[in-house]
Student: 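What follows is a structure written as structure tokens; I'll ask about it next.
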Amino acid sequence: MQKQDNTLKWLVLTAIVVWAGFVLFWYVWFHPEHQRPYYHFLFLFSDMFVFLFIVVICFGMGRLILVRLLHWQAENLLIELLCSFGVGFALLSYTAMILEFAGILRFWVTVLILVVFMGCGAFELKFFFARISQGFRREWKFITGSTLTTFLLVIILLQAGMNCTDSFTPPYEWDTLSYHLYCPKEYIKAGKIIKLPFIHQSYYASGVEQVYTLCLLLRSHIAPKLLHCFLGLMTLLLIYEMGRRFFTRTVGLVAMLIFYTCPIPVWYSGIGKNDLGTIFFLTLALYLFIRWWQTPLNSSCAKKQWLFLSLFFTGIGIHIDYRGLIVVGVITLFLLYQIIAQADISRVKLLQRLVLFLIVPVVIASPWYIKNYIYTDGGSPVYPFLVQWFGGVEGHYFDSLTHQLRQQYHTSVVSLSPAKSIWYYLSLPFWKFTILGRNYDLARFNAKVTPLYLILLPLFIFARKPRVAKELLAIGVAYVVLTQVMRSNHTRYLAPIFPLLALVSAYVVVQGFPLHWSVVRRLLIGIVCIVVLALLYDNTITFFKHKSLEYVLGLIPERDYITLRSEIYPAGEFINKELPPQAKLLFISDERLYYIRRQAIPLTAARMARFIKITGNHTMDEWKKLLTNLGITHILYNPGFHRRFEQIRAISDTVDEFFTRYKQQYLEPVYNRYGIEIYRIKAGDK
């Protein structure tokens, strides 16, 4: 009787929450857009509801699949939460992808499916809630048991608070507006996945963006940012679980602090990209692989859960980002090492595991490869990569004269960041990697990382070396080595191993040296505290400079906030209000189309320079022919962007020189603000 009462209570509570949420959502859906500032908090509550709706489905359905259907028994609540969320997130991602491929990406179809998921998974949540309270009290008692751990917790909470506040703001980041949200927006408009031949990123694996599609379909473009920030928080819990499992709780806390005050995770937490999803799923896959690696092959069947979960989450990592293939390479190296070095273990079983890791994750992510193969007319399944091997044409991209452009574009972009020797990275002054790193600056190591990695990791040579610490560091080294084939200095490509490096760094501080080396331990703790406080200070200054809190409190209108962070927004307003509905724009050296409600085609400076080089002396005539074939009526030009990069100065000069000559003869200026220029093509001159 008591069980029936509890079931009825959860059913009624779920119905009330869903009803109240959709009443709020319905009101926001039909409210006039121009009155949005007057209902600022109502919209924020609506965004929060959409976000919580998605998260609850992830936890509930994930546990339903893992525990109820597959009879998986987690060893503790935290790993159950992490794996359940990962499985539920993957379910939503593939659900959106199936709806897109089937051409039924419609509002009511999606809502019906999500409500069914909510109803099925809601009963599983009570098992989480019943245990979270007890587990939280136990961990809280330990964490607040000393001054050091309390200090660590306070810093983590302060940083998490700023990151969550920043994620409550409208989208503004370049890649977010160019394809992370723009592509889902176009899929929703078409009701299915479509070719976007001028957005080469639309051919990337996009598992996280599929869940963003559901958020946008529910009329919330802040919910994707909240979800991305939440993936960072889940990564924090995963780091704590790994630290607690492999070392101690204190190591887990220090590792959380090292990772979460690093500028890259801080920056990612406030924007709607996919990097924190990549970090979470690949770190989870590596953690589960290490658990399997430490388990004897002839152990009970229950221990094989680590193998199958690692295979699954590695596949989801590839489904989100091609960097997951690097993790497959790392795992392959480890299995080959075990096959060669450990003769006492059945090589047949190891080869079976190796084949599984080479096949299963790729099969899980295979829908993207099949889609690319079809959309590029039998070309590269990982387009725009490897086109020099597989070829392929992505539809009507410019015209026949620019066929060369399609196959040479990726090579031209890669050449901006030429391959560097291992010695270059070993001898690189650390301030270019940490203090002076800048986002979108090819002249430096792109994006900052915490100096603690470069300070603490070398000390591992002198510290005690438990097996698991050596394995974590070996995985990190193997990942860095395999990443070199990407020939890029983008630090974010290394981000999936930051949690592992943070754990090794924290181990060096907390347990790396004997207790009687008290001076060394205190010195290292002092260094960590100083660097963390410096990073927190820098992050806090940046946070208040961005005025995210002022926006959340309703002190800054949405338009002013987006303009502060993205100079393209006023130009987008001009385009949406002043240009006729049939207008079609060519964006030169700018790709941020999310806020644009007119047809637009992006053309990067590298693509335009390649076009000029290919067409040679016939450039002007071919350019006119190109615009005519594309039906272009207006041109938006952002010369300020490509001028930032010293490596492409020649490209910038070529594009500027050509465009200056062209606009003097054929274009009429209609807009020029914040460095963004818009021109109308004169009648008869297209």
Side-chain angles (χ1 to χ4, degrees), residues 172-180 182 196-202 384 397-398 402 405-406 408-417 438-443 446 490 563 565-572 574-575 579 583-596 598-615 619-620 622-623 626-627 630 632-664 666-667 669-681:
Y172 57 82
E173 193 267 340
W174 187 287
D175 288 350
T176 303
L177 302 182
S178 299
Y179 60 95
H180 287 295
Y182 174 73
L196 296 172
F198 300 101
I199 309 291
H200 71 271
Q201 295 92 340
S202 67
Y397 192 101
F398 294 163
T402 57
L405 175 65
R406 289 190 294 272
Q408 296 184 14
Y409 162 66
H410 183 63
T411 304
S412 68
V413 173
V414 169
S415 65
L416 301 180
S417 302
R438 294 180 182 175
N439 299 324
Y440 303 119
D441 191 344
L442 299 177
N446 190 273
H490 284 275
T563 302
R565 307 300 301 274
S566 178
E567 77 284 359
I568 195 70
Y569 190 75
F574 174 84
I575 292 170
L579 299 189
K584 190 173 184 180
L585 294 96
L586 181 68
F587 276 50
I588 298 179
S589 197
D590 207 313
E591 302 169 284
R592 295 169 291 177
L593 305 179
Y594 177 71
Y595 290 115
I596 308 300
R598 298 289 183 270
Q599 281 189 292
I601 296 174
L603 179 64
T604 63
R607 286 175 175 172
M608 187 170 177
R610 178 65 62 176
F611 174 88
I612 295 171
K613 180 179 179 181
I614 291 173
T615 55
T619 298
M620 199 64 71
E622 301 300 344
W623 180 254
L626 167 64
L627 299 185
L630 293 176
I632 300 298
T633 62
H634 295 77
I635 295 177
L636 182 145
Y637 186 43
N638 181 9
F641 175 69
H642 60 253
R643 289 173 183 166
R644 301 183 206 175
F645 306 114
E646 295 180 4
Q647 282 92 337
I648 60 175
R649 182 65 60 188
I651 291 178
S652 304
D653 294 341
T654 300
V655 174
D656 286 342
E657 179 184 357
F658 169 76
F659 190 77
T660 299
R661 289 189 291 113
Y662 187 80
K663 72 181 181 181
Q664 290 174 351
Y666 304 106
L667 303 181
V670 295
Y671 176 92
N672 189 346
R673 292 187 63 190
Y674 301 105
I676 304 293
E677 306 169 9
I678 300 178
Y679 298 89
R680 181 181 64 84
I681 299 178

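In this chain, numbering begins with 1 at the start of the sequence shown. Not measured: the values here are computed from a predicted model.
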Student: Report the residues that fulfil ring-ring contact (aromatic ring centres under 6.0 Å, His included) with Tyr674, sequence neighbours left out, ordered by chain and then residue number.
Tutor: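 In terms of ring-ring contact (aromatic ring centres under 6.0 Å, His included), with neighbours along the sequence ignored, Tyr674 is linked to no residue.
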
Student: Taking all non-hydrogen atoms of both residues, which atom of Ser566 and which atom of Pro570 are closest, and how far apart?
Tutor: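 Nearest heavy atoms, Ser566 then Pro570: O-CD, 4.1 Å.
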
Student: Tyr679: which residues meet the side chain to side chain donor-acceptor pair (under 3.5 Å) condition with it, sequence neighbours left out?
Tutor: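 Here the qualifying residues are Lys663, Glu677.
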
Student: Could you measure the distance from the CZ atom of Arg592 to the CG atom of Leu636? Nearest 0.5 Å is fine.
Tutor: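 So the gap between those two atoms works out to 9.0 Å.
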
Student: For Phe587, what residues pass the ring-ring contact (aromatic ring centres under 6.0 Å, His included) criterion, not counting sequence neighbours?
Tutor: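 None.
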
Student: Any chance you could measure Arg565, atom CZ, to Tyr172, atom OH, to the nearest 0.5 Å?
Tutor: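 OH of Tyr172 is found 3.5 Å from CZ of Arg565.
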
Student: Give me the ring orientation class for Tyr569 and Tyr595: parallel if the planes are under 30° apart, tilted from 30 to 60°, perpendicular past 60°.
Tutor: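 Ring orientation of Tyr569 relative to Tyr595: perpendicular.
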
Student: What are the two closest non-hydrogen atoms of Ala583 and Thr633, and how far apart are they?
Tutor: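 Nearest pair, atom of Ala583 first, then Thr633: CA-OG1, 3.5 Å.
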
Student: How long is the straight-line distance from CG of Leu603 back to CG of Asp590, given to the nearest 0.5 Å?
Tutor: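 These two atoms lie 11.0 Å from each other.
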
Student: With His634, which of Leu586, Leu579, Ile681, Leu667 fulfils side chain to side chain contact (heavy atoms under 4.5 Å, CB included)?
Tutor: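 Answer after filtering Leu586, Leu579, Ile681, Leu667: Leu579.
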
Student: Give the minimum heavy-atom separation between Pro639 and Gly675, together with the two atoms involved.
Tutor: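 So the minimum-distance heavy-atom pair works out to CD-O, 3.7 Å.
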
Student: Rounded to the nearest 0.5 Å, how far apart are CD1 of Ile632 and CG of Leu585?
Tutor: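 These two atoms lie 7.0 Å from each other.
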
Student: How far does CH2 of Trp174 sit from CD of Glu591, to the nearest 0.5 angstrom?
Tutor: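 Answer rounded to 0.5 Å: 7.0 Å.
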
Student: I'd like to know whether Phe574 forms a side-chain contact (heavy atoms from CB on, under 4.5 Å) with Val670, so could you lay out the CA-CA distance, the side-chain angles of the two residues, the decisive distance to 0.1 Å, and finally the verdict.
Tutor: CA-CA 10 Å; Phe574 174 84; Val670 295; 4.0 Å; yes

Student: So, taking the atom named OG in Ser178 and the one named CD in Glu173, what distance separates them when rounded to the nearest 0.5 Å?
Tutor: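 Those atoms lie 7.5 Å apart.
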
Student: Please examine the side chains of Lys584 and Ile601, heavy atoms only from C-beta on, and report whether any two atoms are closer than 4.5 Å.
Tutor: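 Yes, side chains in contact.
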
